[in-house]
Amino acid sequence: MPVAIRQIHPLFAGEVSGIDITKPASKEDVAAIEAGMDKYAVLVFRDQDISDEQQMQFSLNFGAIESGRTGNVTKPGDHRLPVGMADVSNLGKDGKPRPRDDRQRLFALGNLLWHSDSSFRAIPAKYSLLSARTVNRKGGNTEFADMRAAYDALDEETRAEVEDLICEHSLMYSRGSLGFLDYSDEEKQMFKPVRQRLVRVHPVTGRKSLYLSSHAGTILGRPTPEARILLRDLNEHATQPGFVYVHKWKLHDLVMWDNRQTMHRGRRYDEAQPRDVRRTTVAGDVPTVAQEAAE
Ligand SMILES: [Fe+2]
């Protein structure tokens, strides 16, 4: 059975059938999924009972995998999952939900803010793939916003205003907005702000989108409060319900999204219960704008 995609939201997001991710994907399957990603930006695969290795193999069809060993506050040796797998669960290395005041847990709460994965990296992520290994009975949805639709709906003046703006993104901005302010010198170095264009053009479709993320904290050439007010306004605009697809997780769902065209956020759930969702991240290939020259 060939890959088929059924649109599940008026603007974007599709559900894919005709593929078993435990098996190697054919060239035709990969091409159909890439084309689906360009069009729908979010794809849902149901009933994919996959291992970490199978998830990584499937992800590699679309590019290199980010290691996932930077961009968090997990200490070396504390990782629950192999290199290449980002742990989006609420579990410690002992397999139990992390305690309330656990630093990793508090840092991970930043995932509940609207963001685009790895927008804090000079070369930000292309795709993310999130696999549900243990789900919650209530809560824990993931929401996606179509940033192309958000761009299209801007008025002329705002489009002209944002066209050439460059933002600085850092994990310290997103976490800082939650009051998470203490970092080691090593973390400060790792989380140093990077530059990103506020308007991106999709390399295949040519569609423009707003490249927003809670990691964005400043805009070059603007005073910070003015920059943050503009970013807040744009975020409010971009995440209005009409632009949002809400994914309610079922066991063994795999959801794949294009970070260049969408934002997403997790929603709260009962953290006394285990939730095991595991992400692979397909790296992008180019920066959105030149970074500051090295000093
Ligand atoms: Fe994320």
Side-chain angles (χ1 to χ4, degrees), residues 66 68 70-74 86 88 103-126 128 143-145 147 150-151 154 158-159 161-200 208-240 243 257 259-267 281 283-284 286-295:
E66 282 183 5
T70 57
N72 55 63
V73 296
T74 309
V88 194
R103 191 163 182 265
Q104 256 176 270
R105 167 183 180 258
L106 300 178
F107 191 79
L109 285 175
N111 290 326
L112 307 191
L113 300 169
W114 284 107
H115 66 282
S116 175
D117 287 336
S118 296
S119 76
F120 52 82
R121 297 185 200 278
I123 297 182
K126 180 185 177 190
S128 292
E143 299 181 345
F144 297 90
M147 305 304 285
Y151 176 83
L154 292 175
T158 313
R159 273 193 217 174
E161 182 185 4
V162 298
E163 182 66 28
D164 293 317
L165 292 180
I166 310 292
C167 301
E168 287 188 308
H169 292 228
S170 165
L171 281 159
M172 290 189 287
Y173 297 140
S174 50
R175 274 51 187 175
S177 76
L178 297 181
F180 189 111
L181 299 163
D182 297 325
Y183 304 95
S184 67
D185 289 341
E186 201 183 328
E187 286 166 349
K188 280 183 196 156
Q189 187 59 31
M190 184 162 65
F191 300 155
K192 251 177 50 187
V194 300
R195 294 179 175 183
Q196 305 291 1
R197 297 193 62 88
L198 183 50
V199 177
R200 295 186 75 166
K208 286 187 175 177
S209 59
L210 276 175
Y211 192 41
L212 291 168
S213 187
S214 58
H215 308 310
T218 64
I219 298 175
L220 296 188
R222 294 213 175 185
T224 300
E226 185 190 325
R228 293 204 181 171
I229 285 295
L230 174 60
L231 291 170
R232 272 195 195 210
D233 270 1
L234 291 172
N235 272 287
E236 223 171 275
H237 162 78
T239 58
Q240 50 190 297
F243 299 147
W257 63 91
N259 287 295
R260 304 167 302 182
Q261 313 194 78
T262 59
M263 273 205 295
H264 62 280
R265 66 170 175 181
R267 302 311 315 262
T281 316
V286 281
T288 66
V289 66
Q291 300 300 313
E292 217 170 349
E295 284 145 40

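- Put simply, the side chain of Asn259 reaches to within 4.5 Å of the side chain of His264, judged on heavy atoms.
- Considering every non-hydrogen atom in both Ser174 and Ser177, the closest pair reads O-OG, 2.7 Å.
- Side-chain contact between Met172 and Leu181 is absent, with no heavy atoms from C-beta onward closer than 4.5 Å.
- No hydrogens or angles considered: a donor-acceptor pair under 3.5 Å links the side chains of Thr70 and Arg121.
- Side-chain atoms of Asn72 and Gln104, non-hydrogen and from C-beta on, never get closer than 4.5 Å to each other.
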Assess whether side chain to side chain contact (heavy atoms under 4.5 Å, CB included) is satisfied between Arg200 and Tyr151, documenting all intermediate values. CA-CA 10 Å; Arg200 295 186 75 166; Tyr151 176 83; over 6 Å; no
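- Side-chain contact between Asn235 and Met263 is present, with at least one heavy-atom pair separated by less than 4.5 Å.
- For Pro223, the side-chain contact (heavy atoms from CB on, under 4.5 Å) partners two or more places apart in sequence, or in a different chain, are Pro225, Glu226.
- Separating the CD atom in Gln189 from the NZ atom in Lys192 is a distance of 4.5 Å, to the nearest 0.5 Å.
- Separating the OG atom in Ser213 from the CZ atom in Arg265 is a distance of 13.5 Å, to the nearest 0.5 Å.
- Scanning all heavy atoms of the two residues, the minimum distance from Ala122 to Gln196 falls at O-NE2, 4.2 Å.
- Rounded to the nearest 0.5 Å, atoms CG (Leu212) and OG (Ser119) are 9.5 Å apart.
- Ring orientation note: the planes of Tyr211 and His169 are close to parallel, at an angle under 30° on the 30°/60° scale.
- Across all their heavy atoms, His215 and Ser116 have their closest contact at CD2-O, 3.8 Å.
- With values rounded to the nearest 0.5 angstrom, Leu178 atom CG is found 4.5 Å from Leu113 atom CG.
- Proximity of a side-chain donor or acceptor of Arg228 to a complementary backbone N or O of Gly217 within less than 3.5 Å is detected.
- For Ser214 (side chain) and Trp114 (main-chain N/O), a donor-acceptor pair under 3.5 Å exists by modelled atom type.
- Between Phe191 and Phe180, the distance separating the two ring centers is not shorter than 6.0 angstrom.
- Atom CZ in Phe120 sits 4.0 Å away from atom CG in Leu171 (nearest 0.5 Å).
- Contact record, Ile166 with Arg195: CG2-CB, 3.8 Å, taken as the closest heavy-atom pair.
- In this structure, Ser209 contributes its side chain and Arg260 its backbone to a donor-acceptor pair below 3.5 Å.
- Interatomic distance, Met147 CE to Leu234 CG, rounded to the nearest 0.5 Å: 8.0 Å.
- Smallest separation of non-hydrogen atoms from Arg222 and Leu165: NH2-CD1, 4.2 Å.
- The backbone N or O of Gly266 sits nowhere less than 3.5 Å from a side-chain atom of Asn111 that would complete a donor-acceptor pair.
- Between the side chain of Thr281 and the main chain of Glu66, no donor-acceptor pair closer than 3.5 Å is present.
- Atom CZ of Arg232 is surrounded by 12 or fewer heavy atoms from other residues, nucleotides or ligands within 6.0 Å.
- Between Leu210 and Ala150, the closest heavy-atom pair is CD1-CB, 4.2 Å.
- Using a distance-only test at 3.5 Å, with no hydrogens or angles considered, a donor-acceptor pair links the side chain of Arg175 to the main chain of Phe107.
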